Every structure is written in C-alpha cells, then in structure tokens.
Amino acid sequence: MSSQLTSLKKIYSGKVRDLYEIDDKRMLMIASDRLSAFDVILDDPIPGKGQILTAISNFWFDKLKDVVPNHLTGDKPEDVVTADELPLVAGRGVVAKRLKPVMVEAVVRGYLAGSGWKEYQKSGTVCGIRLPAGLKESSKLPEPIFTPSTKAAVGDHDENISFAQCEAIIGAELAAKVRDTAILLYKTASEYAATRGIIICDTKFEFGLDQDGALVLMDEALTPDSSRFWPADSYVEGSNPPSFDKQFVRDWLEASGWNKQAPAPAVPLEVREKTAAKYREALERLAG
Ligand SMILES: Nc1ncnc2c1ncn2[C@@H]1O[C@H](COP(=O)(O)OP(=O)(O)OP(=O)(O)O)[C@@H](O)[C@H]1O
Ligand SMILES: [Mg+2]
C-alpha cells in the first residue's frame with residue numbers, strides 16, 4: 001500500500017505513486033497497489049497492480065518515444081537503493097527525470113463514454129465542444145478531441161476546463177503543443193492497440209518541461225488507471241462495453257450504495273483480485 005524506503009528521501013505521495021529524491025535531476029517513482037476510485041483511495045490493495053501499471057507504462061513509453069520524449073532516464077531502480085530495499089522497487093520502480101509539471105491533465109477522447117456521454121445527451125457537447133447530432137453511447141467521434149482538466153491535489157477532484165481556460169493556465173503556445181502532442185499520442189497508440197483487439201476509448205496524459213523547456217511525457221502512460229480500454233470484439237455502438245480498467249471496481253462501489261466520500265467501504269478480496277485480473281489482461285493483450 002505504501003513504500004517505505006529509508007535510503008532515499010520521500011518527496012511526495014500521490015494517489016498511486018510515491019516519489020523519492022535521488023539527486024537534483026532524478027527521482028525514483030514507485031507505483032503502489034493503491035487504487036483510487038472517484039478520487040478516494042481504497043483502504044486495501046489491488047494485488048500486483050503497481051507492477052502491472054509500471055510494465056504497461058514502460059511498454060508505451062518505449063513504443064511512443066518517437067512521438068515525444070518521456071521522463072525515464074534509463075537508470076535501473078535497483079542501482080539507486082540498498083540491497084534490503086530491492087523487493088520494494090522490483091517491477092514497480094522507475095528512475096525518472098525531475099520535471100516541472102505542466103499544470104493541466106491532457107485528456108483525449110476518441111469515443112463517447114462516461115461523463116462525456118452524459119454531457120452530450122444534455123447539450124450535444126463534450127467539455128463544451130460541439131459534436132454532430134445523432135451520436136450514441138460509445139460512438140466513435142469523427143476526430144479525437146482534447147478535453148483538458150485541472151490537476152487537483154490529493155483528495156480533490158480534477159475538473160474539466162475549456163481550451164480557453166487551459167490557455168489561461170499554461171499559456172496559448174504550450175496549450176497548443178500539449179493538445180497536438182496528446183492527440184498524436186492517442187492516435188498512434190490507438191492504431192497499435194487496434195492490432196491487439198483493444199479500443200482506447202479515452203485517456204489522460206501528464207507532461208512536464210525539462211531544463212531546456214522541452215515537453216516531456218511523464219507519470220504513467222495509457223494504463224487502465226488513466227484510460228478506458230474496451231475489447232474490440234465485444235464493442236457495440238449504443239451500449240456500454242465491458243472494459244479492462246477500474247470500471248469493474250467502480251461498478252461494485254456504486255452498487256454498494258457508497259456516497260463517494262472518504263472513507264470508501266471495504267472491498268472484498270474477491271473483487272480486488274478480479275480487478276487485478278482485468279489489469280493483467282490489459283497488459284497481456286497489449287504487450288503480449
Ligand atoms: N517526471 C516527473 N517529474 C515531476 N513530477 C512527476 C513526474 N512524473 C510524475 N510526476 C508527478 O508525480 C505524482 C505521481 O503521483 P500519482 O500518479 O499517484 O498521481 P496523482 O496526481 O495523485 O493522481 P492521478 O495521476 O490519478 O491524477 C503526480 O503528481 C505526477 O504529476
Ligand atoms: Mg498520476
């Protein structure tokens with residue numbers, strides 16, 4: 001649930017990842033088995049989730065490295081901790097460049113689902129972007145759209161913002177670059193995923209700036225935590241496809257009658273193991 005390294009100084013604990021300082025340029029990022037649903041961290045772990053997320057992100061970072069550079073330095077996490085701490089980083093640690101975070105979340109949607117579908121039914125728009133009439137639940141959009149959100153602190157909810165608000169937060173030039181890069185990442189990843197029988201409905205990227213001001217992909221990439229993945233063979237327009245992501249545990253939490261305020265109810269081991277199996281299936285399908 002939480003990493004406790006003593007050889008390095010902890011600098012941050014996010015909802016899922018713990019960050020440790022290596023030096024002024026590098027940090028060790030450890031993905032825990034924590035799961036956050038509706039922005040509340042569950043009390044119990046999803047067994048092995050941190051390793052699965054790390055494997056999926058590393059896979060995509062490599063696959064997408066010609067689209068945009070990523071935060072991995074190439075150093076091994078095993079080389080920056082002491083021998084007794086090796087089990088804590090095995091498969092879940094990465095050595096990353098310390099970047100200046102771009103203060104928006106770069107969401108790209110290629111299909112109509114979740115909050116986007118709800119908004120479309122009311123107003124014909126998604127995050128304020130007008131879409132053609134007649135789309136159904138899960139319809140493919142004519143083109144992927146960029147729907148940024150704020151970067152909330154732990155315990156807060158990310159909020160959708162317009163592109164104009166995004167420009168106001170990070171500047172017009174950077175906003176355009178983030179939008180274009182995120183859409184190109186989404187398109188490139190979607191083309192590949194299609195060859196593995198997976199539809200990427202939507203996803204969220206995070207970017208940072210390096211010392212030269214260059215845009216770098218950071219945090220995680222195209223995991224079941226940051227994306228909705230649908231199996232292509234059970235995709236039917238007009239219905240909500242099953243998914244390899246948090247939806248399974250979200251459905252359980254909603255059915256439990258929980259009011260979505262912390263603390264979350266205890267989730268039975270069986271449900272947590274089934275969630276882990278969905279994450280594993282995403283990794284196996286994508287990376288083989
Ligand atoms: N290379 C990097 N340089 C600086 N900060 C980074 C880098 N990679 C990731 N981060 C930041 O480290 C934190 C990782 O924590 P975690 O992934 O648990 O995210 P979170 O922000 O709490 O939640 P979520 O990703 O679900 O919105 C995030 O705040 C992320 O922006
Ligand atoms: Mg994150």
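Excluded from the calculations below are hydrogen atoms, water molecules and symmetry mates; all remaining heavy atoms, backbone and side chain alike, are included. Order of listing sets the numbers, starting from 1, for every ligand and every atom in it. It should be emphasised that the depicted structure is a prediction, and the values quoted were computed from it without experimental measurement.
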Student: Based purely on interatomic distance, does A96 place a nitrogen or oxygen under 3.5 Å from a nitrogen or oxygen of ligand 1?
Tutor: no
Student: For F248 and Y279, I'd like to know if the aromatic rings sit close, meaning centre-to-centre distance below 6.0 Å.
Tutor: no
Student: Please identify which atoms of ligand 1 are closer than 4.0 Å to at least one heavy atom of Y12.
Tutor: 13 (C), 29 (O)
Student: When you check the gap from the basic side-chain N to the acidic O, do K204 and E206 get nearer than 4.0 Å?
Tutor: yes
Student: Looking only at heavy atoms, is any part of V216 under 4.0 Å from ligand 1, and if so is it the side chain, the backbone, or both, or is it neither?
Tutor: neither
Student: Out of R98, R26, M27, who is nearest to atom 7 (C) of ligand 1 when you count heavy atoms only?
Tutor: M27
Student: Could you enumerate the protein N, O or S atoms under 2.8 Å from the Mg ion (ligand 2), written like residue then atom name?
Tutor: D219 OD2
Student: For atom 25 (O) of ligand 1, which candidate among M218, K204, E220, R34 provides the closest heavy atom?
Tutor: K204
Student: Is the gap between the ring centers of Y186 and F205 under 6.0 Å?
Tutor: no
Student: Quick one: ring-ring contact (aromatic ring centres under 6.0 Å, His included) partners of F61, sequence neighbours excluded?
Tutor: H71
Student: Mind checking whether H71 contacts ligand 1 via backbone (N, CA, C, O), side chain (CB onward), both or neither, at a 4.0 Å heavy-atom cut-off?
Tutor: side chain
Student: Residues two or more places apart in sequence or in another chain: which of them pass side-chain hydrogen bond (donor to acceptor under 3.5 Å, both in side chains) with K187?
Tutor: E143
Student: Would you call E254-K260 a salt bridge at under 4.0 Å N-O?
Tutor: yes
Student: Please confirm whether Y192 and W60 have ring centers closer than 6.0 angstrom.
Tutor: yes
Student: Run through R92, K15, R17 and flag the one making a salt bridge (charged side-chain N to carboxylate O under 4.0 Å, His left out) with E220.
Tutor: R17
Student: Partners of S36 by side-chain hydrogen bond (donor to acceptor under 3.5 Å, both in side chains), sequence neighbours excluded?
Tutor: none
Student: Can an N or O of L99 be found at a distance shorter than 3.5 Å from an N or O of ligand 1?
Tutor: yes
Student: Could you tell me if any non-hydrogen atom of E105 lies under 4.0 Å from any atom of ligand 1?
Tutor: yes
Student: Quick check: E206 and ligand 1, any N/O pair under 3.5 Å apart?
Tutor: yes
Student: Between E21 and R98, does any NZ, NE, NH1 or NH2 come within less than 4.0 Å of an OD or OE carboxylate oxygen?
Tutor: yes
